[in-house]
Each structure stands twice: as C-alpha cells, then as structure tokens.
Amino acid sequence: MATASSSSSSGMVTERRGIPGAQFVEDVQTYLTQAGLDVNSALSFLQERLQQYKLVEMKLQAQQRDLQAKIPDIEKCLDVVATLQAKKGTGEALITDFEVSEGIYSRASIEDTDSVCLWLGANVMLEYSCEEATGLLRRNLDNAKASLEVLLADLQFLRDQVTITQVTIARVYNWDVHQRRLRQASPKDS
C-alpha cells in the first residue's frame, strides 16, 4: 500500500509565504531511497529543518508581540481623536495628562482644535485634520488586524510543519532501530 506517491503529501500545502512545507513520510524505506540518503543524513537534514522552523517561529512570535502591542495603541489614539471631536464646539476645554517621557507626565488644557499631530515613527510627526487622522488611524488599525490574522495563520502552519517534522524524525529513527534489531536477530536465526 505504501508507494512512492503515498509517501509524499500531494494534497498538502508545500509552502506558505516562504515557509517550506514538511513532507509526512509514510514509508521510510521509500523516502530514504527517493531522497538518496542514509538514515544519519536524513536525520541530520530533518533536525536542521526543525531548527530552521524554530528560528522562523521565534521571528514570527516577535512580530506577533509587536502587532499585539501596536493595536491597542492605535485604538487609544482613535479614542483620543474621537474625544477631541466630541468636545469640539462645546466651548469646554479638555483637561488631560500626557506622557512627556517614560514615567513623566504633564497636564494640558486643550481648547477647540481642528487638527491633531500623529507620531509616524522615525522621528516624524505630521499634523492632520481630525477627520484625516481618524481615517488614517482606522486604515492602520485595519491593516494591523489583517497582518495579525495572516501572522497567526503563518504560525499555525509553522506549528503543523514542526509537528510533521518531529513525527518524521521519530519515524526515521524508529525505523532505523527496527532495522538494526532485524540485522542483529538474523545471524542468530541462521
């Protein structure tokens, strides 16, 4: 039943955004023959691939942490702009505390305003009308959420590849142990 075509994962995704797909090995003998590898070379290759997956996983998890920190910041900025727009035209000043530096805050009184300044990063701050700022922040929030969804799908794909690779390593190792036992048992039988 285990043929060359059944040892490959023909229905599986072979790559996702540069992450190579792992091949589930049903028949170790066929896999080793087709790959032209001995057991030690195959195990070395699979261990190296597993380490590559772990490295990519660490990078993706760092990106996930960054995005998960960025989304609440964008939402907070949207709330501030919405509060400024709500106070506009009431003649009432908005009293707020803002962070000057890490752990250092200052109190400010904000009168009616038609614009806000947004920190874009890389020491760049631009002034936008409240409507433009709201639009920009909503687009940034939507992009960040979409990026997080793609990232989570990539992480899930990667975890699947790690599992497949670990199972393959175990199957190759166990096959080798079984073959060694057969070789040790056969001289005794003769």
Side-chain angles (χ1 to χ4, degrees), residues 7-25 44-88 94-108 110 112-171:
S7 69
S8 68
S9 52
S10 57
M12 299 291 289
V13 176
T14 58
E15 184 180 65
R16 179 180 169 89
R17 293 180 12 104
I19 303 168
Q23 177 184 8
F24 179 75
V25 175
S44 294
F45 169 76
L46 291 168
Q47 289 289 353
E48 183 179 320
R49 178 61 60 94
L50 186 60
Q51 292 305 315
Q52 291 170 348
Y53 285 146
K54 294 289 186 177
L55 181 65
V56 171
E57 183 178 29
M58 285 182 357
K59 289 179 181 180
L60 290 178
Q61 286 172 339
Q63 290 176 4
Q64 179 186 13
R65 282 190 300 276
D66 291 345
L67 280 173
Q68 287 174 330
K70 186 180 190 181
I71 289 172
D73 287 344
I74 296 171
E75 289 171 339
K76 187 169 40 169
C77 289
L78 271 168
D79 289 343
V80 169
V81 172
T83 302
L84 286 173
Q85 286 179 311
K87 291 281 186 177
K88 185 177 175 181
L94 176 65
I95 307 295
T96 186
D97 293 329
F98 66 95
E99 191 172 14
V100 176
S101 181
E102 189 172 330
I104 301 174
Y105 291 85
S106 181
R107 181 154 292 177
I110 303 172
D112 280 349
T113 182
D114 293 328
S115 64
V116 294
C117 293
L118 296 180
W119 182 260
L120 301 180
N123 292 328
V124 175
M125 182 179 280
L126 289 178
E127 184 174 1
Y128 291 95
S129 71
C130 289
E131 293 78 21
E132 289 175 326
T134 300
L136 177 67
L137 289 169
R138 285 195 198 284
R139 282 191 303 278
N140 287 352
L141 182 62
D142 292 342
N143 290 341
K145 286 181 178 179
S147 294
L148 185 59
E149 284 180 27
V150 168
L151 194 64
L152 291 174
D154 288 348
L155 276 168
Q156 183 58 49
F157 176 78
L158 190 61
R159 287 183 188 114
D160 291 344
Q161 303 321 298
V162 166
T163 302
I164 292 169
T165 303
Q166 289 171 334
V167 168
T168 301
I169 289 170
R171 289 176 62 88

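Since the model is a prediction, treat every value here as computed from it, not as a measurement. Values below: every heavy atom of this structure, side chains too, minus hydrogens, waters and symmetry copies. The first residue in the sequence is number 1, and the count goes up from there.
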So, taking the atom named CG in L148 and the one named CD in Q68, what distance separates them when rounded to the nearest 0.5 Å?
5.5 Å

Which heavy atom of Q64 sits nearest a heavy atom of L155, and at what distance?
OE1-CD1, 3.3 Å

Pairing residues for S115 by the side chain to side chain donor-acceptor pair (under 3.5 Å) criterion, not counting sequence neighbours:
E127

Using a 4.5 Å cut-off on heavy atoms from C-beta on, say whether the side chain of Y53 contacts that of E57.
no

Rounded distance (nearest 0.5 Å) linking atom CG of L50 with atom CD1 of I169
5.0 Å

Do R17 and V150 come within less than 4.5 Å of each other through their side chains, counting heavy atoms only?
yes

Side chains of V80 and V116, heavy atoms from C-beta outward: is any pair under 4.5 Å?
no

I need the D142 CG to L137 CG distance, nearest 0.5 Å.
11.0 Å

Which atom of W119 lies closest to which atom of M125, heavy atoms considered:
CE3-CE, 3.5 Å

Can a donor-acceptor pair be found, under 3.5 Å and without considering hydrogens, that links the side chain of R171 to the backbone of V25?
yes

Any I164 side-chain heavy atom under 4.5 Å of T168 side chain:
yes

Starting at OG1 of T165, measure out to CD of E48 and round the result to the nearest 0.5 Å.
12.0 Å

pair T83-T96: side-chain heavy atoms closer than 4.5 Å:
no

To the nearest 0.5 angstrom, please state how far the CD atom of Q156 sits from the CD atom of Q161.
10.0 Å

To the nearest 0.5 Å, what is the distance between CD on Q63 and CZ on R65?
10.5 Å

Any non-hydrogen side-chain atom of L141 less than 4.5 Å from a side-chain atom of I71?
yes

Tell me, do T113 and K88 make a side-chain contact under 4.5 Å, heavy atoms counted?
no

Work out which heavy atom in D112 is nearest to a heavy atom in K87; give both atom names and the distance.
OD1-O, 3.5 Å

Is there side-chain contact between Q52 and P20, with heavy atoms separated by less than 4.5 Å?
no

Under 3.5 Å donor-acceptor pairs involving side-chain atoms of residues 128-136, not counting sequence neighbours:
residue: S129; atom: OG; partner: E132; partner atom: N; Å: 3.2
residue: S129; atom: OG; partner: E132; partner atom: OE1; Å: 3.4
residue: E132; atom: OE1; partner: S129; partner atom: N; Å: 3.2
residue: T134; atom: OG1; partner: C130; partner atom: O; Å: 2.8

